[in-house]
Each structure stands twice: as C-alpha cells, then as structure tokens.
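A quick write-up on the structure given underneath.
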Amino acid sequence: MNKTLRKAIVAGNWKMNNDRNAAKKLITELNPLVKDAACEVVLCVPYTNLETALSLCEGTNMHVGAENCHWAKSGAFTGEISAEMLAEMGVEYVIIGHSERRQYFGETDQTVQARVRAALDAGLKVILCVGEVLEQREQGITEEVVALQTKVALGGVSEEELSRIVIAYEPVWAIGTGKTATADQAEEVCAFIRSVVAKLYSKAAADALTIQYGGSMKPGNAKELLSKEDVDGGLIGGAALVASDFAAIIEAAR
Ligand code: PEP
C-alpha cells in the first residue's frame, strides 16, 4: 500500500494563542501523552514561544515549527522574521501559505513561492498550505485552484528539495468553522494534489510526499480522515490547543 511509503505527520498550528505559561503547560501535558506516537509530531507555535518550545521539546519526539517566515535573509522588513533566523534557533519546520496569511496579510502564490525558497535555502522543512474557498468549491474549480497554488509554490523546487516539503490540503471553508470536509472530499483532493506532484516530478516523489488534511480535525473525525489512502496526517488548529484532543488525533494516526 502506497501509504506505507511516506511518513505520517500530525502538526499543531497554535496560531496567535498561548502565552509562555500556557505554552509550557500544554507542552508539558503533551509530552507523556504523545511519547509513543506512531507518527511525527510537530508543534508550530508563535515566534514568542519558539524558545520555550525548543527547550521543552529537546530530547522528546516533538518537533518545533514556526507559523511563517520572510523571504529575505535580512534587511529593512520591520516586524518580519527570516527563515535563517528560525534555522539558527534550531527550528525545524515552518508553515507557509496558511489561508489566514493569504486572507488577512496579502499572501499571494508568488510570495508563498518566495518564502518556500527562503525556507528551503535555510535548511527548514516546509508545511505548504493550499486550499480553496467556499465559492471556488461551489463553482467546481477546487482542482484548478489547488493545482495552481501547488505549482506556483513549488516553482524552482528540485525533486531532492521536495523531500523537505509537506503539503497541507486545507479547504478554507473548513478552517476554524467546525465544518469538516468529509473523508471522501479530503481524499479526493489529497489524491489530486499527489497526481499534480507526480506530473511535476515523478511517481516516486509523489508517492513519498506527505500530504496532510487540515480543517476542523478533531478526535471524533480524525480516524476516518486519516485512514484515507492519500491523507498522511493532519494540520490541526483549535484541537492542538488542548493536550488530550491533540494526543487523541495523534493516536488516530497510528
Ligand atoms: C489550521 O489552522 O490550519 C486549522 C486547520 O485550524 P482548525 O483545525 O481550527 O480548523
């Protein structure tokens, strides 16, 4: 079964949540609950929690990620953080192209491509988010939208570099809304993304690519979503803020 060819990864996206004490409490609670996880566990946290997360995750099976990075190495970009700065701290992953960045902060497919380039050059692993908004799904153009987002974001990425990329399929209408895509809808688009990657690179590269589903994944629906052939993990927002819920999703990935 092709699913065994790739690594299952469950990543939490904390968004703009958790002060330092809350971060410490959550990671300390999570550690014993996920220590025997069968998948890779990643915590993507606000910049202000990176140091805390890095120190508490050291020696555990939890990996640390940021939620964004800038495309330049350094320079006059007030308020921004470069991929190099993250890598220097010991951060391993970075989320790029999350729909909230596209929606509220002017992120475009071109800036996503530039950030992916910078992250790879800095040695980071990328969780690249793609997904359609409700109107696009209703117009029947989901495949066109995710194909374009994927192709532009991966422009200039070599097949060797693709091994440091995870794609998260996140239908925007399902993020933070409590509306989950059905397991069949998630599978259909994840399989489609894999076919796009196979055409861009090779079948072997596509088979090895981890593709996550994200959008209101919870303990109650995780097992069904994660059992699908082309769904190799999850990007989890709200449920990643509650240790027992996040741990239950990780368990469902077994
Ligand atoms: C996300 O932020 O990537 C996400 C999937 O959020 P939620 O799980 O809350 O829908």
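No hydrogens, no waters, no symmetry mates; every other heavy atom, side chains included, goes into these values.
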First locate atom SG of C190, then atom CD1 of I211, and finally report the distance between them rounded to the nearest 0.5 Å. 6.0 Å
In plain terms, say whether E132 and R137 are close enough for a salt bridge, that is, a side-chain N and a carboxylate O under 4.0 Å apart. yes
Any chain of hydrophobic side-chain contacts (each under 4.5 Å) joining W14 to I81? yes
Would you indicate whether the side-chain heavy atoms of V130 and I193 approach each other to under 4.5 Å? yes
Looking only at the side chains, is there a donor atom on one of Y169 and E187 sitting less than 3.5 Å from an acceptor on the other? no
Specify the closest pair of heavy atoms between A83 and A119, including all atoms of both residues, with the distance to one decimal. CB-CA, 3.8 Å
Co-membership, hydrophobic cluster, residues F192 and V152, 4.5 Å side-chain: no
Could you walk me through whether R115 and E107 pass the salt bridge (charged side-chain N to carboxylate O under 4.0 Å, His left out) check? CA-CA 10 Å; R115 291 183 211 272; E107 189 82 89; 2.8 Å; yes
Check this for me, if you would: do E170 and R102 make a salt bridge, where the nitrogen-to-carboxylate-oxygen distance has to be below 4.0 angstrom? no
Heavy-atom closest pair, residues A222 and A252: CB-CB, 3.9 Å
Do the side chains of I95 and L128 get nearer than 4.5 Å, heavy atoms only? no
Atom pair CG (L209) and CD (E159), whose distance is rounded to the nearest 0.5 Å: 11.0 Å
Point-to-point distance, once rounded to the nearest 0.5 Å, from CG of L200 to NZ of K151: 6.0 Å
For a 4.5 angstrom cut-off between non-hydrogen side-chain atoms, does V45 reach N18? no
4.5 Å side-chain heavy-atom contact, V41 and F246: yes
What's the shortest heavy-atom distance between V64 and V91, and which atoms? O-CG1, 3.8 Å
Give a yes or no on whether a salt bridge exists between K15 and E67, defined as a side-chain N under 4.0 angstrom from a carboxylate O. no
Please check this pair: side chain of N221 against backbone of K218, looking for a donor-acceptor N/O pair closer than 3.5 Å. yes
Quick check: closest heavy atoms across G131 and V145, and the distance to 0.1 Å? O-CG1, 4.2 Å
Show the numbers, then the answer: is there a side chain to side chain contact (heavy atoms under 4.5 Å, CB included) between V112 and V116? CA-CA 6 Å; V112 167; V116 168; 4.2 Å; yes
Does any part of the side chain of V166, heavy atoms only, come nearer than 4.5 Å to the side chain of V126, both counted from C-beta? no
Distance in Å, M217 CE paired with I175 CD1, rounded so as to fall on 0.5 Å steps: 12.0 Å
Please tell me if the side chains of Y213 and L235 come closer than 4.5 Å, counting only heavy atoms from C-beta onward. no
Exam field: side chain T210 to backbone K7, donor-acceptor pair closer than 3.5 Å: yes
Validation row: L124, L86 side chains within 4.5 angstrom (heavy atoms): yes
Does D232 pair with R194 as a salt bridge, N-O distance under 4.0 Å? yes
Distance-only, no hydrogens or angles: does the E80 side chain make a donor-acceptor pair with backbone N or O of F77 under 3.5 Å? no
Quick check for you: to the nearest 0.5 Å, what is the distance between H98 atom NE2 and N13 atom CG? 4.5 Å
Y93 and H63 aromatic ring geometry - parallel, tilted or perpendicular at 30°/60° bounds: perpendicular
What are the two closest heavy atoms between V10 and C39, and how far apart are they? CG2-SG, 3.8 Å
Any R117 side-chain heavy atom under 4.5 Å of L120 side chain: yes
Within the supplied structure, the quantity of interest is the number of heavy atoms (other residues, nucleotides, ligands) at a distance under 6.0 Å from E51 CD; does it exceed 12? no
Counting only N and O atoms by type, is there a donor-acceptor contact under 3.5 Å from the side chain of N49 to the main-chain atoms of T52? no
More than 12 foreign heavy atoms under 6.0 Å from CZ of R254: is that the case here? yes
Find out if a path of hydrophobic residues (ILVMFWY) with successive side-chain heavy-atom gaps under 4.5 Å connects I249 to V231. yes
Any donor-acceptor pair under 3.5 Å from S216 side chain to A174 backbone: yes
Keeping the roles fixed (side chain from R101, backbone from G106), state whether a donor-acceptor pair exists under 3.5 Å. no
Determine, stepwise, if the pair K228 / D184 fulfils salt bridge (charged side-chain N to carboxylate O under 4.0 Å, His left out). CA-CA 8 Å; K228 290 291 176 182; D184 286 341; 2.8 Å; yes
Do L226 and I167 belong together in a cluster built from hydrophobic side chains that touch within less than 4.5 Å? yes
For L54 and M89, what are the C-alpha separation, side-chain angles and deciding distance, and is it a side chain to side chain contact (heavy atoms under 4.5 Å, CB included)? CA-CA 8 Å; L54 284 165; M89 291 181 78; 4.0 Å; yes
With rounding to the nearest 0.5 angstrom, report the CD1 to CD1 distance, I96 to I165. 8.0 Å
For E58 and S55, indicate whether the former's side chain and the latter's backbone hold a donor-acceptor pair under 3.5 Å. no
Are W71 and V157 connected into the same hydrophobic cluster when the rule is that any two of I, L, V, M, F, W, Y join if their side-chain heavy atoms are below 4.5 Å apart? no
Which atoms form the tightest heavy-atom contact between A181 and P171, and what is the distance? CB-CG, 4.2 Å
M62 and side-chain contact (heavy atoms from CB on, under 4.5 Å): which single residue from L56, L30, V42 fits? L30
